[in-house]
Amino acid sequence: MNNTNLWDKCLESFCDNLSEKQMKTWIHPLEASCNSDTLSVIAPNKFIKDTVESDFIELIRETVLIKSNNEVSIVKLSLPEVKATARITPKIKSSSIKSSLNADLNFENFVEGKSNQLAKAACMSVVKELGQYNPLYIYGGVGLGKTHLLHSIGNEILKQDKRKRVVYLHSEKFVQNMITAIRTNKIEEFKDFYRSVDALLLDDIQFFANKEKSQEEFFHTFNTLFEYKKQVVLTSDKYPKEIAGLEERIKSRLVWGMSVTIDPPDLETRVAILHGKAEAVNQKIPDDVAYYLAKNVYSNVRELEGSLRRVLATAHFKRAPVTLAFTKETLKDLISLQERLMTIEQIQKTVAAYYNVRVSDLLSAKRDRKITLPRHIAMSIAKQLTSHSLPTIGDAFGGRDHTTVLHACKKVKALKLASASVDQDCQNILHTLNN
């Protein structure tokens, strides 16, 4: 059987059993080749290999047996062969490196939750052995903690060895520095600088889109650092292959290592973040205040922190205690605006588009799964993101009563726990609505 055809057939089957997030993180980075009765699967690094071995290898074996008509009976999982290379000789002095790291951002004050556990674990693994996951690519929406993790990596590397050359910068700054170097005839110094670091932490690489010269320089810088096992960590708001205007050769490099996503934090994580931020400024907030903020400000952590700062500052100026009533009064304009912006109709349109059905189907009496699942999810999200009552939400879905909406909310909650794909669908829809 053709190697490519067999693995491609397996990939199609995996999509039916795994979420898009699982496919991007664990399955797509694998490379496979077939020889006689053996399928050799190569994982790009130990982190992916170990996870595939514990969580997905049985699914892979079963699928290979089925898709090959029992012709392939052995699946071998391994790492790439390591080629010995000489260590790079730095062309600049360590003392001339300015890391631009924020010392206040570290792993200790990064609040961990279900939405960012994998990303944090990958970042901490990178610090233990530079170059083992190269590049480490972190992607997700605005204000979810990507930059915090970049600084945490840099600070931890320097904490362990102050001699390491660590550079953090935004991709826009990389472009500006390159333009300045060209203008002042110092492009060789620019190349020497970035190709001589032990760790390059680059934020928001989607900024490179449609900038050919910057992409060219980044491409060669990455290749040099990769060859000599220097660490590259990148962040973006999209998965590499989804960034328009980025060269294919760069996209292929970005998926070589480890790609992890950060999703919007769940309610409990948002509450923990609020308590942590309050304690960081020697303040304490009651639990009911934390839950009120967490339930009403859900798009990203920056907005959550901004709302908390507003409440604390107003309480300080008015010399008032931070109570639930005070918090509601302080944020009433913000919450009111948010509720006006988020409508049931908007949720219905977004869910319908996501599942490729019509809004009229969601409002109809159709009961087949293709329609009922999106309908239930739309009802559940409407309950979560708006202040409308259950009867009002039911009425907006074709005149259904409040018990139907309540049933939909319970059904979706159970499905999210039982199915990773349904949980991922809900997160994707929330991300679309909040951006």
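One is the number of the first residue; the rest follow in order along the sequence.
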Legend entry - Residue pair Y139 / K238, side-chain heavy-atom distance below 4.5 Å: no
Inset, instruction - Could you check if a side-chain atom of V260 sits within less than 4.5 angstrom of a side-chain atom of Y137, using non-hydrogen atoms only? - result: no
Inset, instruction - First locate atom NE2 of H376, then atom NZ of K411, and finally report the distance between them rounded to the nearest 0.5 Å. - result: 7.5 Å
Legend entry - Where S196 and R165 come nearest, the two heavy atoms and their spacing: O-NE, 2.6 Å
Inset, instruction - Taking atom types as modelled, find out whether E227 and N223 have a side-chain donor-acceptor pair closer than 3.5 angstrom. - result: no
Inset, instruction - Test the R253-F219 pair against the cation-pi criterion, namely NZ or CZ under 6.0 angstrom from the six-membered ring centroid and within 45° of the ring axis. - result: no
Inset, instruction - Write out all pairs satisfying side chain to side chain donor-acceptor pair (under 3.5 Å) with one or both partners inside residues 306-327, taking only residues at least two apart or from two chains. - result: R310-D333
Inset, instruction - Fit a plane to each ring of F47 and Y133, take the angle between them on a 0 to 90° scale, and name the class: parallel (under 30°), tilted (30 to 60°) or perpendicular (over 60°). - result: tilted
Inset, instruction - Evaluate side-chain contact (heavy atoms from CB on, under 4.5 Å) for T350 paired with I429, printing each intermediate quantity in order. - result: CA-CA 7 Å; T350 302; I429 293 166; 4.2 Å; yes
Inset, instruction - Just do the side-chain contact (heavy atoms from CB on, under 4.5 Å) check on L267 and Y291 with the steps written out, would you? - result: CA-CA 8 Å; L267 177 64; Y291 273 96; 4.2 Å; yes
Inset, instruction - Please name the residue in the list R163, K230, K229 that meets the salt bridge (charged side-chain N to carboxylate O under 4.0 Å, His left out) test with D198. - result: K230
Inset, instruction - Test F218 against every option in F190, F208, F207 by the ring pair (Phe, Tyr, Trp, His ring centres under 6.0 Å) rule and name the one that passes. - result: F208
Inset, instruction - Go through the steps for D287 and H275 under the test side-chain contact (heavy atoms from CB on, under 4.5 Å), then give the verdict. - result: CA-CA 8 Å; D287 284 341; H275 280 302; 3.0 Å; yes
Inset, instruction - Just grab all the ring-ring contact (aromatic ring centres under 6.0 Å, His included) pairs involving residues 105-128, residues at least two apart or on different chains. - result: F110-H148
Inset, instruction - Quick one: do E216 and K213 satisfy salt bridge (charged side-chain N to carboxylate O under 4.0 Å, His left out)? Show the steps, please. - result: CA-CA 5 Å; E216 176 78 17; K213 184 64 178 176; over 6 Å; no
Legend entry - Positive for side chain to side chain contact (heavy atoms under 4.5 Å, CB included) with T63, one of L65, I66, L59, I60: L59
Inset, instruction - Verify the distance criterion only: is there a donor paired with an acceptor across the side chains of S421 and S419 at less than 3.5 Å? - result: yes
Inset, instruction - Using a 4.5 Å cut-off on heavy atoms from C-beta on, say whether the side chain of L415 contacts that of I377. - result: no
Inset, instruction - Consider only side-chain N and O atoms of Y168 and N102, and report whether a donor and an acceptor are under 3.5 Å apart. - result: no
Legend entry - Heavy-atom closest pair, residues K211 and V175: CD-CG2, 4.2 Å
Inset, instruction - Evaluate the side-chain proximity of I74 to L39: yes if any heavy-atom separation is below 4.5 Å, no if none is. - result: no
Inset, instruction - Before giving the answer on side-chain contact (heavy atoms from CB on, under 4.5 Å), spell out for L144 and N116 the whole-Å C-alpha distance, their side-chain angles and the decisive distance to 0.1 Å. - result: CA-CA 9 Å; L144 298 181; N116 58 35; over 6 Å; no
Legend entry - Min side-chain heavy-atom separation V311-I285 under 4.5 Å: no
Inset, instruction - Could you verify whether a donor N or O on one side chain and an acceptor N or O on the other, from S171 and D204, lie under 3.5 Å apart? - result: no
Legend entry - Results of side-chain contact (heavy atoms from CB on, under 4.5 Å) for D423 - residues two or more places apart only: K114, K416, Q427
Legend entry - Any side-chain heavy-atom pair of F56 and L30 under 4.5 Å: no
Legend entry - Where at least one partner belongs to residues 149-158, residue pairs that pass side chain to side chain donor-acceptor pair (under 3.5 Å), sequence neighbours excluded: E156-Q160
Legend entry - Y194 and F174 aromatic centres sub-6.0 Å: yes
Inset, instruction - Any pair with a residue in residues 53-64 that passes salt bridge (Lys or Arg N to Asp or Glu O under 4.0 Å), sequence neighbours left out, goes on the list, sorted by first then second residue, please. - result: K49-E53, E58-R61
Legend entry - Flag side-chain contact, heavy atom, 4.5 Å: D37 against E71: no
Legend entry - Contact summary for I347 and A382, nearest pair of heavy atoms: CD1-CA, 3.6 Å
Inset, instruction - Could you list the residues that satisfy side-chain contact (heavy atoms from CB on, under 4.5 Å) with R369, not counting sequence neighbours? - result: T372, L373
Inset, instruction - For the pair E188 and K191, find out whether any cationic side-chain nitrogen is under 4.0 Å from an anionic carboxylate oxygen. - result: yes
Legend entry - Heavy-atom side-chain contact between V197 and L200 under 4.5 Å: yes
